[in-house]
Amino acid sequence: MPVELECIDFGKFLHGEPDERVEVAEKIVKSFRDHGFAKFKNHGVSRGLVEGIWHWGERFFKMSPEQKMKLYHHPSPDPQRGWSKKGAETTSKLRKENAASAPEGELLDEKEHFDCGPPADSQFPNAWPASGDCDGFKEFVEDYFGVAQQTSLRIMQACEVGLHVPPGTLVQRCLPAASELRMLYYPPVSMDTLNKGLIKRAWPHTDFGIITLLFQDDLGGLELEDRSKPYTFDPVISKSDEMVVNISDTFGRWSNDYITPGVHQVNVPPKMRDQKDGIVPERYSSVFFFKAHRETSVGPLPPFVTAETPAKYPDISALEFHRQMTDILY
Ligand SMILES: O=C(O)CCC(=O)C(=O)O
Ligand SMILES: [Fe+2]
């Protein structure tokens with residue numbers, strides 16, 4: 001039986017009676033513990049904003065290569081800003097198992113993306129389309145960033161309730177924000193190309209932050225690892241207004257592996273999984289990498305370190321951890 005995520009009504013946590021809030025929070029923690037993933041409705045991201053992802057994604061990625069080059073991200077271990085072209089990021093490098101199971105050769109991701117950080121980030125300033133190239137994109141992305149940040153903090157609150165740890169244990173480590181928002185475009189690709197085994201929309205990986213919020217279009221393609229059968233992946237079925245959330249590396253480290261990150265990949269849409277040829281249509285998605293403040297330690301937190309479960313990870317800063325990981329990825 002493939003893994004099926006229950007769609008959790010987050011409105012019952014946001015607006016429910018105390019008992020109901022605890023019940024929903026425990027359900028969220030259970031889904032995270034069992035699958036590294038949870039799926040939400042009534043999550044607080046308005047329909048208008050979700051529709052904006054599809055509208056502005058298309059407007060942005062349909063700019064000409066010359067227009068996109070004006071905000072080209074030059075590979076470096078620092079947080080990504082601006083446009084990354086196809087082939088820039090190779091998620092395959094994040095897990096050794098990827099190379100072990102594929103033919104000889106470089107394993108590439110078939111995707112383009114736009115990345116930005118907090119609107120007022122002066123340490124790593126954002127890069128936006130030039131005036132006249134995609135007017136309105138910056139305003140949309142900044143609005144969405146704010147809402148995604150608030151939504152992530154509420155999920156952190158729910159995790160504190162569901163994990164029965166003191167209020168603030170997680171939330172206080174997330175301020176001020178150092179999150180990253182990414183808009184993604186997967187161009188059409190032939191089954192023939194994918195079947196050669198060297199190219200995937202995204203290879204199995206985990207994200208570096210605390211949690212990742214994701215919206216995918218109705219075509220789908222996101223897959224999660226079935227923890228009862230490692231290295232097998234099942235489609236994450238979500239409607240375009242449902243929010244999928246996965247646990248990322250920092251949460252795994254903070255919780256000393258009490259909750260471990262969800263391994264995921266992007267594959268062909270669920271309805272094309274058994275197809276041998278043809279063209280896989282283009283796909284849009286957006287992910288919000290909710291991240292700890294750069295100076296915050298990503299080492300295990302006090303409630304998760306006991307005599308029986310000593311700390312498994314060192315106390316390094318979130319920025320140092322980020323640089324280590326981006327260095328592998330680019
Ligand atoms: O597009 C997706 O569904 C997932 C993208 C992803 O996993 C990533 O960018 O880290
Ligand atoms: Fe990811």
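We count ligands from 1, going down the list as the structure has it; atoms in each ligand are counted the same way.
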With hydrophobic residues grouped by side-chain heavy-atom distances under 4.5 Å, do V161 and I211 end up in a single group?
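Yes, one cluster joins them.
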Side chain of Q265, backbone of L222: donor and acceptor closer than 3.5 Å?
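Looks like no, no N/O pair under 3.5 Å.
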May I ask you to decide if K111's main-chain N or O and D109's side chain share a donor-acceptor pair within less than 3.5 Å?
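The answer is no, because no donor-acceptor pair under 3.5 Å joins these two groups.
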Count of N, O or S atoms belonging to protein, less than 2.8 Å from the Fe ion (ligand 2)
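There are 3 of them.
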Polar pairs, ligand 1 vs protein, N/O only, below 3.5 Å.
residue  : atom   : partner : partner atom : Å
ligand 1 : 1 (O)  : Y186    : OH           : 2.6
ligand 1 : 1 (O)  : R283    : NH1          : 2.9
ligand 1 : 1 (O)  : S285    : OG           : 2.7
ligand 1 : 3 (O)  : R283    : NH1          : 3.2
ligand 1 : 3 (O)  : R283    : NH2          : 2.9
ligand 1 : 7 (O)  : H205    : NE2          : 3.1
ligand 1 : 7 (O)  : H264    : NE2          : 3.0
ligand 1 : 9 (O)  : R182    : NH1          : 3.1
ligand 1 : 10 (O) : H205    : NE2          : 3.1
ligand 1 : 10 (O) : D207    : OD1          : 3.1

Between [X] and [Y], does the ring centroid distance fall short of 6.0 Å?
X    : Y    : answer
F140 : F137 : no
F114 : W128 : yes
Y144 : F288 : no

With sequence neighbours left out, which residue pairs that include part of residues 260-275 fulfil the salt bridge (charged side-chain N to carboxylate O under 4.0 Å, His left out) condition?
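Pairs touching residues 260-275 that pass the test: E223-R273.
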Ring pair (Phe, Tyr, Trp, His ring centres under 6.0 Å), that's the test. Do F10 and H43 meet it? Break it down for me.
CA-CA 5 Å; F10 197 49; H43 36 66; 8.6 Å; no
Could you pull out all residues at least two apart from Y186 that satisfy ring-ring contact (aromatic ring centres under 6.0 Å, His included)?
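Testing Y186 for ring-ring contact (aromatic ring centres under 6.0 Å, His included), a comparison that skips the adjacent residues, returns none.
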